[in-house]
Asker: 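Just dropping this structure here.
Below, chains carry the letters A, B, ... as their sequence lines are ordered, and counting in each starts from 1. All values below were derived from every heavy atom in this structure, side-chain atoms included, with hydrogens, water molecules and symmetry-related copies excluded.
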Amino acid sequence: MIFAFFMSLLLLITIGGISHPSFQATCHTLLTGCCLMAGWNNALHVQITVLCIFMLLIITVISNLILRKQSFQRSLKSLFIGLLLVILAISLVIYILPPTLFRLEYGIVFSIILVEFFYSILSHTVGGQIVGMLCTLNALTLVIGLNSQIFAFVTLVILYSLFLISSIMIIQRLG
Amino acid sequence: MASVGDLAKILYWGCVIWPLVGAIGILSCHGQKAKIRCHIIVTIILIVITLLSVMIPNDFNFSILWNYDSFTGFLRVMIALGIIISTFLIKLWMPNRFITSGNEMKTLMNLIFFHVFVCVAMLAVAINNFFILLIFLYLLIFLLLIVCFINGGSEKVKSAWNYFRYILFFMIIALMGVFILALPIVQSYELLPKFGSFILVFGIIQAYGLFPVCTLFYRLVIQLPSLIGSVVLFVVPIVFLSLFVKLFQISGYQNPQLFLIGLNLLSFIIVVLKEKDDLFVLAPFLLIILTGLSAIFANSIEGIYCVCLFVIMLVIFAPLGYLLDKGNLSSVFKNWFKLALSAFPPFGIFYACSVLIAYLVLQLPWLGYSLLTLFFIRGYFLFRNSNYQFFSNEILTKEGYCLIGLIILPSIVLPILSQYWIFQIALQFVHK
Amino acid sequence: MCSFVDVGLISSRKFILLKLPDYFPLYASLTGAFLTFLVLVFHIPTSLLFLSKLSIIYRVNFYLDGLTCFFLFIIFNISFLFLYYQKDLCKNKYFLVSYILSLSLILAGNLYFFTIVLALLFLMNYKNRQRNASLYWLILPCLLGFMSCIPVLMNNQQDLFYIVFSGKTSSLNLNYLIFFLVLPVCCLLGFFDFRGEEKNNLHAIFEDEKIYYTNIFKNLIGFYGLLRIFISFYNYNLSMIFIVLFEFIVVITALKASWFCLKVSNLFNRLRYLFILNNAISIQLIVILFLALYLQKTALLELNYIILFFSLFIQNHGFALVFLLNSLKEKINNSFFIDSLFFLGLLLSGFPPFAGFVLFWGNLQLGISLILNHYLFDMILALFFIGCNAVIYLFSLLGWVNLFLALYKNYNDRLTAIGSYFNFLLGYGKGIRIYLLSLFIFSVCPGIILYWTYGIKNNFPSIGKFHFFSFKSEQLHIAFTPVFSVFIFGMVVYVFFFIKKKYFIVSMDPQNNQFKISDRKKYKNYLDITRFEFGTKTILNVLKDNFSLDIHSYLFLRKKTEYLKIYKTIRLYKKKFNILIWEHEQATLFILILISLLSIGLLV
Amino acid sequence: MVVIYWLISLCIIGFHLLLFLIMAPWLMVFIKKLDGWIQGISTESFRHSFYRIRIDLSESIRILLYKTLSLKDYIFLVSLGLLCTLALLIPFYTTDMIIKGNSDFLFIITILVMIPVFNFFIVYHDTSLLSFKKFQHMMIQILLFLPTLLLIAMVCRMNVKSTELNYIIVFFHNSTRFMNIASCPLLISACSLFFLVLDMPDLSDIIQKDGFSREDKGILLYINSLQFLLWLSLIAFLLWPQSIALFNFQQESLTSWLLAAFFGLLAWCIKIIIECAVIALMRNFLFISKGVYKIGFATVLNFLAIIIYFAGLSGI
């Protein structure tokens, strides 16, 4: 029940979004950490979930450092489109997934991925793009944290590291 | 060295590590000419090692990390062959392309990253674990980003960054698909595996340049320096295609055939429409699409046979087209290339297309005939005005003979020589 | 003589491909002709020949059977003839390349090699900025469709690569093959190069004239391709649409060629169109072959094969000689040129009882007996077939008459006595005379050739009894023996000359012995005024005088102005039409629905 | 037995050829007489016309044998030779001669069509514009009848399953019923041939105004009459093929064949006379304004023949 509460809070943050990118990134990652902690008991391997949580903490620190001077703006149009995407994703997932599974949680994860990617496409500034992709990666960590396969975790770590390195280079070059 | 299998394994790791050794060698040489000569020698030795690693049959049992079968061996040989051809062409047609605008450091970094890129590609082709494979694929694209950074130019960096982000999104989608397929109850619901495999496939095929991502990939390839651009044009698609072909081995996977065919045909039409202005870079995309189309039927012998044939065509015609576009050669060369790529007999991709269409006519007649009519229409659009000069004095020079040799090589020589080997590959791959 | 000819892909200035000494191809083709002659005459089973063993070693299939030997024999003969006169013809080796290509195509064992060489042949003849160059880019994809229509899964899984001709693979659907073969074969047979009398690039016509004899190889390849595919992959479930399409194209081209050969004034063009006309008529035989299979009437097949191969043999040899003479026009003296052309015309044109007439006779008899069942559709088809054939035969007759008139009109004061043409004491052109005499003998008693075509027996399902002197088929009660009528005619002429020589003294005046056509002094003006040309004007005038039939206004298209008038009237009424619809909207809607419902009802 | 067979067939051929060569000029005179009789004008007497023809012919043949031949003479000889071969191919009163298997209907009508084409080449011998027009008209006239001739061949082929003249006779001999509906198509198509022979010019009018020498006139007239007789004998053959005797020496005895042959000869003469009468009537009373209508009539008659053939098949 707490897990569902934290998931819904996470969804709110992704759609609403805070104007400052670094604040948005830190909130999103911290909330994913809380969700992981909430869903602790039905994870397959607890160690991987713990590793994911520590990784998320490191990433919040790094993303804060990177996105200091960045800025992006949210227009009403993107908000409405985000809402539409969320409804679409959740209804699709509910139609497909069987009732026994956490249909709502999977729907939320899938909608987060779609919304954030869409936001990263829409935003012209580099900060917005980076934050969008970071949030999609957080949603992925949520899935991997619960399903917990060691190789998947390794892939996640490398994806995060490569993305952050590239974002650093981009920020240096394009400001 | 107890058994031959160990020798094969060593050779495999050899052809992975050898490019790194080459990179170090280039670093140690001083002077532009020495570096370029070292680069050429390394690439020549690379193909020798890969051929050896394929020739020796391996009896290594299945391992989670490293998996050798004849198909991946074939892909590795093809990648090496493509690299040899691109370096040879650059050396023959435009030797000054190696040195990028006089900056010593840039050429060095380009050469080194070229070798690292090859090493990662060799690794990525043979890895059997899905997650590790994604790591290497993403590493490939990251390398491209770094190359763009080195060569500078905001246009380059923007296109690389966009492509980087798109591929990240599609990889995440692919991972989601895999996790859905990995669910224990996936068999009990018929919609679940369909949705999972749909997401998985959609994520992967976008990476090797189908619509809508092909415009991004096209813009990225054009920005790259010619040495790396000609190689990227066929290595990235081949690696992602090998992943796409191996998907059939995932237990719950159901191939969304109609969607894939539709997407392929749509991208075929778009490439045909955009082809009029610059055929030479877009033509390899056509080959990628045809390989993708035949890879859809990869769970049958003819499917793999067509994939192998088209890979041969892609490996040879991609660098040829890219460098024809870059270099300022006479229009007769371009006419020959256009004839080779138009799928008309006698040269070029005629044989591979005819085998593919023949197989499609058997399986899905409507698809076979629609593809045939597409080729008819494309032929009309390509050759509408009829003043094509094929023979002139330029063709009888050294470059002319090299070009005609390269055109005849994949159309007549290679299919005949490698026909038996490809058939064995197909048999072994399907029965696994 | 003609130093360099820039034709097709090969710009012969830089033709460094073949540096063989001159006599090598000559002797090679001679030996080839002799070998294939042996195989054909003694029916040697072709599996023994070494060529078919070659395929295992080099994985490139060579395939030899009766049909290939027959075509090889013709090609070797023709090439021997051309190589013998190579010195006088063009210097460049353009002929040799097409010769080698046609040889490799006929020896090709599998379909891949077949299509590759066929495409090469098309590319060879591609000249940019040619009138129908864009047609090439329709024929090449046809070949792609042709190659890809054969299912990859042939009988043995091992050989995905080759679809071999040797095995009797009846798993194929012949319809698609024929559909994709129609266009290339028609192009090979020259059905599409109807170049009118372009005044501006006469150079093109002159250049073409010199090397037009290589089209004989294209023609042969067209026939060979069709027959090879038919034999190797034939089965009975052809579909009527493709056959009717093929027949329609053939009839249209025949009519067009016959009309052009009347209109055109240049001798070379006239010969070219007659060549196309004869090709069209012999292709009609193959179409009858398909129809016979479709209607399951196997009694026709035997006579069809015999007439087809007989006419193929004579026509190709004859027209090869015609075009060779045309190329050598400047070098040989005129009277020899005119006489040999006259005799060749007699042989090829359709004057009974020679080969041309046999072709027409066979076409008609087979066509009628094919359609003889009692349905209205068949009756209409029979009438269409007879009408078209009659008109084609009529126009071909007029075409050849036109040719002879043109010949005699221009050269008639240098005409030697025709009788003395065949005495072999004269020096020049001995080879050609022997060649021509042998053709006449073959055409009169066809048994010689038919014995060779029996070498192809194992290819064809039903070759019946062998008749030496006549074209006979017992089931259909058709028979035609050309030799008797020639024998009678010869007897009558011999009787007259025997009496003349024996009882009546030949007049002492030697000058009178010399044959003179006429002292053209008295009636000079009449001949020059009268238009012998059988151009359109003459025919229209003739029809107007004799039958008072004025068809001038129907034949020729209206001028552009009339189209403009029609367009203006339409535009005028369009406004009225819109207003009308706008007023009675409901009515028009109702009518439209009604019409669509009715049509659907009709269709269902 | 074989020797007798060859002897008899040789004398049949001889008599056949003599009959053909002699009867031809008489025919032209007879038709001119008929026209004169119908139109009521007096024509020259039989004896005078025979005398004139005899002198012309003997004169021309004698000169032909003497002088060296020019192109014109070659053309005459070729036409004569072709006409003789045709005469031997078309059976007048008996069949089964040596040339049994060769008399094919298509072959015969092609040669008959070919003869005016050969004659057209005479134009090269400085004839007048009028004769050029006349020869050209003759050639075009017969060539335009080619479709109708081929239609007749089709009717023949459908009705009798073969276009071989001998086989036609055998077919009608075997068919027991005397004059059944099945044989009518052939009869009607024979009638359609009348229109072809209708306007066959007798070349007497053009010769006066032209520069031909005496012997050329004689030969031209003779060739035209031979051609006319051949067409008439072909029509006679198609009208009533049963009247011609079968010469298969093995089955029947000699005397029965002689009787049949004599009856055949008599029937042939009567048929020729009837045809001449019909042609004379058609020339005088059938006013056809346009030349092309003749071809129209002939094709319509052939269509009628086909329809009757089908009617006959369906048991009417």
Side-chain angles (χ1 to χ4, degrees), chain B residues 300-302 305-306 309 335 339 342-347 349-363 365 368-369 371-393 395-396 408 411-412 415-420 422-423 426-427, chain C residues 6-17 58-60 111-124 126-154 157-163 172-173 176 180 184:
Chain B
S300 68
I301 292 177
E302 293 76 25
Y305 186 76
C306 293
L309 280 181
N335 291 344
L339 180 64
S342 62
F344 296 161
F347 303 119
I349 59 172
F350 154 66
Y351 175 65
C353 288
S354 57
V355 169
L356 174 64
I357 293 173
Y359 173 65
L360 289 184
V361 159
L362 256 176
Q363 297 300 324
Y369 292 124
L371 195 58
L372 199 58
T373 39
L374 278 179
F375 274 119
F376 264 83
I377 296 161
R378 177 166 177 258
Y380 176 68
F381 274 119
L382 273 182
F383 296 99
R384 214 191 348 246
N385 50 1
S386 65
N387 47 13
Y388 279 95
Q389 179 70 24
F390 285 103
F391 257 80
S392 68
N393 295 337
I395 207 75
L396 301 178
I408 287 178
S411 50
I412 295 175
I416 289 182
L417 294 182
S418 62
Q419 194 260 336
Y420 180 75
I422 296 176
F423 187 70
L427 271 178
Chain C
D6 266 349
V7 168
L9 274 171
I10 315 283
S11 71
S12 60
R13 271 180 202 79
K14 276 268 187 311
F15 208 93
I16 50 176
L17 210 61
Y58 295 105
R59 289 202 62 76
V60 175
L111 203 65
Y112 176 68
F113 195 57
F114 183 82
T115 32
I116 289 276
V117 177
L118 203 56
L120 268 181
L121 199 66
F122 277 117
L123 279 184
M124 271 277 295
Y126 170 82
K127 288 203 292 290
N128 58 355
R129 267 182 292 285
Q130 196 181 356
R131 244 171 70 128
N132 49 12
S134 62
L135 192 62
Y136 279 80
W137 309 119
L138 208 55
I139 287 164
L140 289 177
C142 272
L143 288 182
L144 168 65
F146 170 72
M147 173 79 179
S148 56
C149 259
I150 296 110
V152 172
L153 283 175
M154 289 313 290
Q157 280 285 351
Q158 194 60 26
D159 242 345
L160 281 176
F161 191 80
Y162 303 118
I163 292 97
L172 296 181
N173 193 338
Y176 300 114
F180 284 113

Asker: Heavy atoms only: give me the nearest C/Thr115-B/Pro345 pair and the separation to one decimal.
Answerer: O-CB, 4.5 Å
Asker: The criterion is side chain to side chain donor-acceptor pair (under 3.5 Å); which residues satisfy it with B/Thr373, sequence neighbours excluded?
Answerer: none
Asker: Can you find a pair of side-chain heavy atoms, one from B/Phe350 and one from C/Ile116, that are under 4.5 Å apart?
Answerer: yes
Asker: Residues in side-chain contact (heavy atoms from CB on, under 4.5 Å) with B/Ser342, at least two apart?
Answerer: B/Leu339, B/Phe344, B/Leu382, B/Phe383
Asker: Checking heavy atoms, do the side chain of C/Leu138, its backbone, both or neither come under 4.5 Å from chain B?
Answerer: both
Asker: Could you tell me the separation between the OH atom of B/Tyr351 and the CG atom of C/Leu144, rounded to the nearest 0.5 Å?
Answerer: 13.0 Å
Asker: Check whether any side-chain heavy atom of C/Pro141 lies under 4.5 Å from a side-chain heavy atom of B/Phe375, and answer yes or no.
Answerer: no
Asker: Name the residue from C/Leu121, C/Leu123, C/Leu140 that meets the side chain to side chain contact (heavy atoms under 4.5 Å, CB included) definition with B/Pro346.
Answerer: C/Leu123
